[in-house]
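A quick write-up on the structure given underneath.
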Amino acid sequence: MGSCKASYSVLLLYFFIGFCFVHQCFAIGAETNQSAQLLVDASEALSQKIPETLFGIFFEEINHAGAGGIWAELVSNRGFEAGGPNTPSNIDPWSIIGDESSLIVSTERSSCFERNKVALRMEVLCDSEGTSICPAGGVGIYNPGFWGMNIEQGKTYKVVLYVRSLESIDVSVSLTDSNGSQTLATANIIAAASDVSDWTKAEVLLEAKASNPNSRLQLTTTRKGVIWFDQVSAMPLDTYMGHGFHNGLVEMLADLKPRFVRFPGGCFVEGEWLRNAFRWKETIGSWEERPGHFGDVWKYWTDDGLGYFEFLQLAEDLGAFPIWVFNNGISHNDQVSTSSILPFIQEALDGIEFARGDRDSKWGSIRAAMGHPEPFDLRYVAIGNEDCGKHYYRGNYLRFYDAIKRAYPDIQIISNCDGSSHQLDHPADFYDFHIYTSANNMFSMAHRFDHTSRNGPKAFVSEYAVTGKDAGAGSLLAALAEAGFLIGLERNSDVVEMASYAPLFVNANDKRWNPDAIVFNSSQLYGTPSYWMQQFFRESSGATLLNSTLQMNSSTSIIASAITWQNAEDNRDYLRIKIVNFGSNTVNLKISVAGLESNSIQLSGSTKTVLTSSNVMDENSFKEPKKVVPIKSLFENAGEDMDVVLSPRSFTSFDMLIDSDNLRIAGTDSLYKSSI
Ligand code: AHR
């Protein structure tokens, strides 16, 4: 009897194991723990230096990322050019204060600025005395900015405008709430006719006495007469490094410690039609003289306050290399043939001279006059965007390549053609690689470069993101899959030298692409989980990649990498182990670190940072901007052998302080001794 019972239990056990094996214990819906082992070998022979440039950012003028985004200009359509060159024209988003009995507003081609001739004519019919008395607040025009101006109490705003009139003027320049009923700041421009009979620049500083995220700028008067306005700008005095960039948004970029800034697009560079593509020469010089243009891919006007110079400045302010993508004579719908491409080549060469030429050169002198006598550190250019398959791409590319290499042999040139699976048929220093896909695909793309030839040009993964259903409006799931992909790039950083997420920004009022890393409106901003995920990789550029091997069964979806890096802030050395648990089971992981002197991993100062949430589709929002953000805690198990638990659907970074006397650095033969 006894033996019969025993056999029955053994049978049940076998049945259960068999069931789990076949169904991997997922089928019954219960969460089980999985086990795995990570072996990290810090020995120098197996380590590899990660390129200094590995992680950077890609800025595109998309979703009002620049105009109404990182460029701090508050006025939209400041030169009244957005309605086109034919007058009378649409002055949107400017609107009129008053009715037709008190004023008539139209546009005319009478500006003093040759490249943007359209100006606003305002004929005021009412007066402060007589039969037709103006309303108490006056009549005039207002600009709501980009879905409301964020005016903050105590801050000062500089308003510059150009004005002309044949009579004396008294114009109130005010920042008000959205319907003009509350004045936040005001000043008057009072001038005799003789002072404004020609176009005259006027400047006022407005200090806000209250805050309102949905404000507007008003130009009003109670005096009869005709007044022309043009080039009306309102900027906060307080901008990032005083260079006109939106503090909060650019601080979020700075927090990513980007090593490069790819700009200004994307499709924005190409245009639907060449006539609407970004052309750098139209975006430099004084802001008043920039014509602005309609970006026909993302369907909005930009005054080009954020122009070529400002992009170079942004990269410099972030301590990053600029990577300029220029149009190679190809848009989405039209192309310039190789036999006619010379003017485009000259435009690119001039652009490089503008960035790097000395202050006596033709284009370098313009840069110097704009306030930057020293050259910008432009080392990389991309010939076109996503144009490889286009008829004239190769022909045009080769002409650009030869001309640039002849004039600037050190400039690194990026081709649009993918060289990851086969050799390029043309010379290049880098090839551009873009990937937008589902979460599962992105996670498996961690191995995309495992078999790429180690001899050809390097890969620049300049656009990657999880898109579609898995991405929601920026989900944890997307961030985890992207983290897996980035770990794969780190592990292949002998062939992948640069990578950037796309797109970077979205103004929530004009979402042209989903998802995006940073979401904002006039006064609020937050990072999606994909934004926060990138912060885990910012120390990888220039770090040392250690050999690491995972031992697990095939149903365990984890991926890991290990680096050592030196923290410039405390000059100390850290070992960072990053692990994505992409699966829905908890994983008990044993980590063993070999190749360091014994006891070199310090307990104090070691931390564990986790990015996860209760639901893998969780997102951040204006209401809950920090729902899915990294949570840091002390890592009490730090040592050469560690048992750690990885939550389902999580990203974990273990950061361990190492005794720098015992650290080996890739590329050196001996133990590295820190100076501290
Ligand atoms: O990142 C959004 C767009 O995706 C870019 O403009 C383009 O290069 C890609 O197709």
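Computed over heavy atoms, backbone and side chain alike; hydrogens, waters and symmetry mates excluded. Both counts, for ligands and for their atoms, begin at 1 and track the order of listing. Nothing here was measured: the structure is a model prediction, and the numbers come from that model.
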_Out of the candidates F430, F311, F460, W324, only one should pair with F260 under the ring pair (Phe, Tyr, Trp, His ring centres under 6.0 Å) rule; please name it._
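Only one of F430, F311, F460, W324 forms a ring pair (Phe, Tyr, Trp, His ring centres under 6.0 Å) with F260, namely F460.
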
Distance under 4.0 Å to a non-hydrogen atom of [X]: what atoms of ligand 1 satisfy this?
{"X": "G266", "answer": "5 (C), 6 (O), 8 (O)"}
{"X": "N385", "answer": "7 (C), 8 (O)"}
{"X": "E386", "answer": "7 (C), 8 (O), 9 (C), 10 (O)"}

*Could you check whether the rings of W363 and W280 sit parallel, tilted or perpendicular, using 30° and 60° as the cut-offs?*
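Judged by the thresholds at 30° and 60°, the geometry between W363 and W280 is perpendicular.
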
*Is it true that the side chains of Q335 and H391 contain a donor and an acceptor less than 3.5 Å apart?*
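Q335 vs H391: no donor-acceptor pair found between side chains.
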
*With no hydrogens and no angle check, do the side chains of S233 and E73 hold a donor and an acceptor under 3.5 Å apart?*
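Yes, E73 and S233 have a side-chain donor paired with an acceptor closer than 3.5 Å.
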
*So among K458, R379, K405, which one has a side-chain hydrogen bond (donor to acceptor under 3.5 Å, both in side chains) with D429?*
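Answer to the side-chain hydrogen bond (donor to acceptor under 3.5 Å, both in side chains) test with D429 among K458, R379, K405: K405.
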
*Closest candidate by heavy atom, reference atom 4 (O) of ligand 1, pool E463, E270, E61*: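 Ranked by closest heavy atom to atom 4 (O) of ligand 1, first place is E463.
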
*asked:* Considering Y464, W298, Y436, F268 one by one, which has a heavy atom nearer to atom 1 (O) of ligand 1 than any of the others?
replied: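 The option holding the nearest heavy atom is Y436.
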
*Heavy atom of P503 under 4.0 Å from ligand 1?*
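Contact present.
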
_E81, E282, E310 screened by salt bridge (Lys or Arg N to Asp or Glu O under 4.0 Å) with R290, the one that passes_ =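 For R290, the salt bridge (Lys or Arg N to Asp or Glu O under 4.0 Å) check succeeds only for E310.
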
_Distance from atom 6 (O) of ligand 1 to nearest protein heavy atom, with residue and atom_ =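 Minimum-distance protein heavy atom for atom 6 (O) of ligand 1 reads E60 OE1, 2.6 Å.
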
_Is there a polar contact between ligand 1 and C267, counting only N or O atoms under 3.5 Å apart?_
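C267 vs ligand 1: N/O contact under 3.5 Å present.
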
